[in-house]
Amino acid sequence: MLDRMKPALVESYVGAIGLGYLLAETILHFVSIFSSPVAGWFARYEYLKPLSGMRPPSPSPLEFAVPQVVEFVLLSVLWYILLRWLYFSPVKRETAELAPDLNQAD
């Protein structure tokens, strides 16, 4: 089944569009690794501002970034596997073998 699907994905550019989308998601998760701790800190600061007397233990900035790191690594590995499968291995093309012409005089 995968042997028949690969040429269709490569020749119709659906594979390239899918890989581009997956790469864009990977880049967004890479950026989120750095922006999620800042966003978490701001959200906590805004929540605790009215309750200045109560200070629950503050989570580490890494706690906000760990899910983004995991998603970034998984998406990167998936993108690389799909890229190698679609474009670095040759596409098998089915060719019809021509039957010898019996009417041809030598």
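A quick note: this is a predicted structure, and the numbers were derived from the prediction, not measured.
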Nearest 0.5 Å please: distance from the CG atom of L75 over to the CD atom of Q68. 10.0 Å

Least distance between heavy atoms, L86 atom then V10 atom: O-CG2, 3.4 Å

Pairwise distance CD1(I33) to CD(E71) - rounded to 0.5 angstrom: 9.5 Å

List the atom of M5, the atom of W85, and the distance in Å for their closest heavy-atom pair. CE-CH2, 4.1 Å

Interatomic distance, I81 atom CD1 to L22 atom CG [nearest 0.5 angstrom]: 10.5 Å

Gap between atom CG of L74 and atom NE2 of H29 - 0.5 Å precision: 10.0 Å

Shortest non-hydrogen contact from P37 toward S32: CD-O, 4.2 Å

Any idea which heavy atoms bring F72 and T26 closest together, and the distance? CD1-O, 3.4 Å

With no hydrogens and no angle check, is any side-chain donor or acceptor of Y87 less than 3.5 Å from a backbone partner on L82? no

Please say yes or no: joined through hydrophobic side-chain contacts below 4.5 Å, possibly via intermediate residues, are V14 and W79 part of one cluster? yes

Given the rule that I, L, V, M, F, W and Y join up when any side-chain heavy atoms are under 4.5 Å apart, are L23 and L9 in one cluster? yes

Check: F64 main-chain N/O paired with S36 side-chain donor or acceptor under 3.5 Å: yes

Gap separating the CZ atom of F88 from the CG atom of L83, nearest 0.5 angstrom: 4.5 Å

Do I27 and L19 share a hydrophobic cluster (ILVMFWY, side-chain heavy atoms under 4.5 Å, transitive)? yes

Would a hydrophobic clustering, with Ile, Leu, Val, Met, Phe, Trp and Tyr connected at side-chain separations under 4.5 Å, put V69 with V66? no

